[in-house]
Number of protein chains: 2
Amino acid sequence: MKCKRCQIPAVVALPSHHTAFCKDCFLVFARRLVERAIKEHAMFTFDDRILVAISGGKDSLALSWQLKDLGYNIEGLHIDLGIPESSPIARAYAERFCTVSEIPLHVIETAKLGLAMCDVKRRVKRPICSVCGQTKRYLFNKFAQENGFTVLATGHNLDDETSRLFANVMRWDVEFLSDQGPVMHAEKGFAKKVKPLFRLTEFETANLCFLAGIDYGYAPCPYSSKASFPIYKNLLADLEDIQPGRKIRFYDGFLKDGRQGFAPRGETSVDIQPCTTCGYPTSAGECGYCRLTALMNDEG
Amino acid sequence: MKCKRCQIPAVVALPSHHTAFCKDCFLVFARRLVERAIKEHAMFTFDDRILVAISGGKDSLALSWQLKDLGYNIEGLHIDLGIPESSPIARAYAERFCTVSEIPLHVIETAKLGLAMCDVKRRVKRPICSVCGQTKRYLFNKFAQENGFTVLATGHNLDDETSRLFANVMRWDVEFLSDQGPVMHAEKGFAKKVKPLFRLTEFETANLCFLAGIDYGYAPCPYSSKASFPIYKNLLADLEDIQPGRKIRFYDGFLKDGRQGFAPRGETSVDIQPCTTCGYPTSAGECGYCRLTALMNDEG
């Protein structure tokens, strides 16, 4: 198989795009998908101060590498979740990558806030993935706002996005469907959030890491085995095998034709107010993060 | 395994409903699902003259049997499509069933209209499933209207409905999504159409036939192997195995929360006019059926 651009032997086949590439041409291809995502959705410009959520996994490192390579003004934030089986490995990858790439990296240790996830899991009855996600969103948002970042970028790829969309469609969760997308605009105390990798599949971000020489960590969270998204990821992967390009068409079609149907008609029913304890935007009196912190301190 | 209602040995397990039934209780269960569909969606009453589309397959026979058993005023219409490999078998099952069940059966032979599907397939470049579906919808609708039937009932089951819904969602086909459902109201020359089996899976209609002693035909259309719905049916079946009840929740959720988002906002863009040749409602000057007939006669 030959590279479709330069005709030398290909190293990556991409049936979804009816193409195959050598190393250099794949890197051009991936870069253009990221540039297209950024421009098409007005994610940010070279004037923005971008905070990248860096877990140490392939997606966040691929994103950081690509944005740095494109010349954007980025810094990283790693949240050390305090899970003995995976957090030290993930953190080491994040730190090593940022040192080599000369990307400033900030680290927040949830254990220092009384929220080591291994403890939280023991105490809290809600699914741990939900609590952990809420905590990360809170801390990323707070850090971005308090430190003058104009946008927060995460490494969500096409598989993440389509499996989440699929889950929301299966439940017809109108609220989630109405604001799913590669950009969430800043409003009411929330930082602007963007997903510049949303056009790349997981396979493509893994290839980007491999071909760009990025040493990424594989430290799967020991708590996430029961999440339902992997089921949908596998199902969409099966569908993609039969219908190459299905995932991106499903997602692009949603953005173009589907999402508008779920936009609130008239007044929205959710009333966002500042948290009575910390000021973070919330629909309840005290936000979920503060309630979690209180619970962990009370029962600690 | 015991019947959940009467505790004698069960003959059917239904994980989606967390239950299992003996023969008699399964038949009660199936009947109630049909009654629920009819009432919940105001499909018809005992005063209606109901035309049932009878292909001779399990779904149309199960539907006819159930409606007759419930005491509704039904007649059948079988369309003999002129496909040598399958049509004679299907027709024989339809005729035998209606004779035994004392249901008046009307038969239209498309060959007599110049539209034997084996000939159409050779001449027409469009996918044959699309042409055949269009022809059947035309003839069922025309027959219902010309013969004073107030409603047209088809045997679409939950698997048909969810796989179609899934296909429409995958493409975000807003027009199809806006009017998918178990009832299409009479308007602009279209008869009212209903799907009383939409709460029963294919497995359940097959069991209904088996347990009610209905001798149904298995004469798969030789032309339908390339249709994409079977892919989605299999995929949803896999999902149902993992998440029992997923299919009905997906469909009910769509009817409750999803569909309204796709309803036309303001004026609809499709302008329906009577066909210039036959008067059938169409968006073009001459309807698809008349164009097909003209093509087949011209080139015949």
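Since this is a predicted model, take the numbers as computed values, not measurements.
In this structure, CH2 on A/Trp172 lies 11.0 Å from CZ on B/Arg259, to the nearest 0.5 angstrom. Atom CE of B/Met170 and atom CZ of A/Phe254 lie 12.0 Å apart (nearest 0.5 Å).
In terms of non-hydrogen atom pairs under 4.5 Å with chain B, the most contact-rich of A/Ile242, A/Asp173, A/Asp252, A/Leu239 is A/Leu239.
Heavy-atom contacts from other residues, nucleotides or ligands closer than 6.0 Å to CZ of A/Arg164 number 12 or fewer. Annotation for B/Phe176: atom CZ does not count as buried by contact number, only 12 or fewer foreign heavy atoms lying within 6.0 Å. Atom CZ of A/Arg31 is surrounded by more than 12 heavy atoms from other residues, nucleotides or ligands within 6.0 Å.
Listed by chain and number, the residues in a salt bridge (charged side-chain N to carboxylate O under 4.0 Å, His left out) with B/Lys58 are B/Glu202 (sequence neighbours excluded). Under the ring-ring contact (aromatic ring centres under 6.0 Å, His included) criterion, B/Tyr216 pairs with no residue at all, not counting sequence neighbours.
If you measure heavy-atom distances from A/Leu236 to chain B, the contacts under 4.5 Å come from the side chain alone. Only the side chain of A/Phe166 comes within contact range of chain B, with heavy atoms under 4.5 Å apart.
Side chains of A/Leu235 and B/Leu235 form a contact here, defined as non-hydrogen atoms less than 4.5 Å apart.
Taking every heavy atom of both residues into account, B/Asp257 and A/Val174 meet most closely at O-CG2, 3.6 Å.
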Stepwise side-chain contact (heavy atoms from CB on, under 4.5 Å) check, B/Phe250 with A/Val169: CA-CA 8 Å; B/Phe250 175 49; A/Val169 166; 3.9 Å; yes
